[in-house]
2 protein chains.
Amino acid sequence: MDSTDIERDLRQVLEARGQRYTEQRAAVYRFLHGTDVHPTAEEVFLRVRGDLPGISLATVYKSLETLVGCGLAHKLSYGDTSARYDGRTDPHLHARCLSCGRITDVPGRVPAAQLPPPARAGHFRVTGYRVELTGYCAQCDPGEAAEA
Amino acid sequence: MDSTDIERDLRQVLEARGQRYTEQRAAVYRFLHGTDVHPTAEEVFLRVRGDLPGISLATVYKSLETLVGCGLAHKLSYGDTSARYDGRTDPHLHARCLSCGRITDVPGRVPAAQLPPPARAGHFRVTGYRVELTGYCAQCDPGEAAEA
DNA sequence: ATCCTTGCAAAGCATTTGCAGTCAC
DNA sequence: GTGACTGCAAATGCTTTGCAAGGAT
């Protein structure tokens, strides 16, 4: 899928929801879809500003929210720091570096069957789950002295 | 373990780290340890103010951070809203209501053996993992119209 | 022409920090 | 008495919002 395809898909999804295709949204989506660094809103802003010098941080936040609402991106909130965004939609796990906060993709996945009986989680109706790995990325590992 | 025991344990842990036992920390810990509602800092503040009318929100934040640092509590950050705190230390899962944000304890746990090969997560050294269930709590379920 | 989106600046919210007074040891 | 802790208020950092001008259909 090249850049043209990506933009066509974006337009289609936006129109299906009564929203408009704009350069700003396209630039944000293009960047997010083509990277695996799971950037923060600020990082998206700095990067996208290379293509669209006039774009504002508020617009980046709004565009990201729009993409998440359309299912074209996921928001990764770990609270400790600012939210990160993921433009990949294939199944994968996230590993978060306890030292620098960077998110690394991990190919595997956890079968739902191995989780506790969903129906019987007290009076809670379980509809989904999320697994997050923690540890140290290649850049931070050498230190190895750090602990959580 | 009654209230007296809890306070003795707290004193011991604090002293082992060169920190002082105070009424404020004791009140926060007592409340957190005796509930399973996973309160936010604000909720802890409102509740503890019943015992200590003069306590400030900043002190609650500082006390919670101290307890987390001592391993006497866990901080649950889901980003969407404010952080929540857990004073229980026995193994259990957390189920988060997508409607109201409430956290419900679920007795089970996920064996590490069922996760993807830790050592081989790309160039990432995995040291731990976290599982979070999502769905709807008893109070929000009746609606059943809502979706994620 | 319509009305959605942008960009700017200001507001909002959770959390942290500086500091003088107070308390635990 | 000494150093850590509290409470207050101000500051911080991320994110959202109000609104007039601009852009997409």
Side-chain angles (χ1 to χ4, degrees), chain A residues 7-8 10-29 32 38-46 48-49 51-70 72-85 101 103, chain B residues 7-8 10-29 38-49 51-70 72-85 101 103:
Chain A
E7 277 140 31
R8 180 160 35 69
L10 172 61
R11 180 182 290 271
Q12 198 169 355
V13 172
L14 287 171
E15 287 178 353
R17 300 174 71 106
Q19 302 188 98
R20 291 174 184 173
Y21 175 92
T22 65
E23 277 191 61
Q24 290 85 346
R25 287 172 176 176
V28 169
Y29 181 51
L32 207 57
H38 308 288
T40 61
E42 180 100 29
E43 287 162 358
V44 174
F45 170 59
L46 293 174
V48 165
R49 200 158 53 165
D51 298 314
L52 296 173
I55 197 171
S56 73
L57 181 56
T59 296
V60 169
Y61 271 106
K62 288 168 184 165
S63 298
L64 288 169
E65 203 47 53
T66 299
L67 294 177
V68 170
C70 291
L72 295 172
H74 292 284
K75 186 176 184 177
L76 312 175
S77 300
Y78 300 114
D80 309 65
T81 167
S82 43
R84 291 174 175 277
Y85 294 85
I103 309 291
Chain B
E7 277 141 31
R8 182 163 32 71
L10 173 60
R11 180 182 291 272
Q12 198 169 358
V13 172
L14 286 172
E15 287 179 352
R17 299 174 69 106
Q19 302 189 98
R20 290 172 184 174
Y21 176 92
T22 65
E23 276 192 62
Q24 289 85 347
R25 287 172 175 176
V28 168
Y29 182 50
H38 310 286
T40 61
E42 180 99 30
E43 286 162 358
V44 173
F45 171 60
L46 293 174
R47 180 62 185 273
V48 165
R49 203 158 50 164
D51 298 315
L52 296 173
I55 196 170
S56 73
L57 181 54
T59 295
V60 169
Y61 272 106
K62 288 168 185 165
S63 298
L64 287 169
E65 203 46 53
T66 299
L67 295 178
V68 170
C70 292
L72 295 172
H74 293 283
K75 187 176 182 176
L76 312 175
S77 299
Y78 300 113
D80 309 65
T81 168
S82 42
R84 291 173 175 277
Y85 294 86
I103 309 290

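Since this is a predicted model, take the numbers as computed values, not measurements. Just so it is clear: chains get the letters A, B, ... in the order the sequence lines come, proteins before strands, and each one is counted from 1.
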(message) Donor-acceptor check, side chain of A/R17 to backbone of A/G69, threshold 3.5 angstrom: yes or no?
(response) yes
(request) Using atom CG of B/L64 as one end and atom P of D/dT6 as the other, report the distance to the nearest whole Å. (result) 11 Å
(request) Starting at atom CZ of B/F45, determine the distance to atom P of D/dT6, rounded to an integer number of angstrom. (result) 14 Å
(request) For DNA chain C, note the earliest and the latest nucleotide, 5' to 3', having some atom under 4.0 Å of a heavy atom belonging to chain A. (result) C/dC3 to C/dA9
(message) Rounded at 0.5 Å granularity, tell me how far CZ in A/F45 sits from CG in A/L52.
(response) 11.0 Å
(request) Tell me which of B/R84 and A/V60 sits closer to the 5' end of DNA chain C, going by the nucleotide each one is nearest to. (result) A/V60
(request) Report the residues that fulfil ring-ring contact (aromatic ring centres under 6.0 Å, His included) with A/H38, sequence neighbours left out, ordered by chain and then residue number. (result) A/H94
(request) Can you tell me which residue pairs pass the side chain to side chain donor-acceptor pair (under 3.5 Å) test with a partner in residues 52-68 of chain B, sequence neighbours excluded? (result) B/S56-B/T59
(request) Would you kindly give the CZ-to-P distance between B/R49 and D/dT6, to the nearest whole Å? (result) 17 Å
(request) Rounded to the nearest angstrom, tell me the gap between atom OH in B/Y61 and atom P in D/dA11. (result) 19 Å
(message) Can you list everything that forms a salt bridge (Lys or Arg N to Asp or Glu O under 4.0 Å) with B/R84? Sequence neighbours excluded, please.
(response) B/E43
(request) Would you give the length of the straight line joining atom OH of A/Y85 to atom CG of A/L32, rounded to the nearest 0.5 angstrom? (result) 9.5 Å
Could you list the protein-to-nucleotides 19-21 of chain D atom pairs, N/O on both sides, closer than 3.5 Å?
none

(message) How many whole angstroms separate atom CG of B/L57 from atom P of D/dA10?
(response) 16 Å
(request) Could I get the full list of salt bridge (Lys or Arg N to Asp or Glu O under 4.0 Å) partners for A/R8, not counting sequence neighbours? (result) A/D5
(message) So, taking the atom named CG in B/L14 and the one named CG in B/L67, what distance separates them when rounded to the nearest 0.5 Å?
(response) 7.5 Å
(message) Please check: side-chain N/O of B/R25 versus main-chain N/O of B/R20, any donor-acceptor pairing under 3.5 Å?
(response) yes
(request) Taking all non-hydrogen atoms of both residues into account, name the closest pair between A/A26 and A/L10 and its distance. (result) CA-CD2, 3.5 Å
(request) Quick one: list whatever passes side chain to side chain contact (heavy atoms under 4.5 Å, CB included) with A/R11, sequence neighbours left out. (result) A/E15, A/Y21
(request) Would you please name every residue forming a side chain to side chain donor-acceptor pair (under 3.5 Å) with A/Q24, sequence neighbours left out? (result) none
(request) Measure the spacing between CG of B/L46 and OG1 of B/T40 and express it to the nearest 0.5 Å. (result) 7.5 Å
(message) With each end axis built from five pairs of C1' atoms, what bend angle do you get for the helix from C/dA1-D/dT25 to C/dC25-D/dG1? Round to 10°.
(response) 40°
(message) Please list, in numerical order, the residues of residues 11-27 of chain B that have a heavy atom closer than 4.0 Å to any atom of DNA chain D.
(response) B/Q19, B/R20, B/T22, B/Q24, B/R25
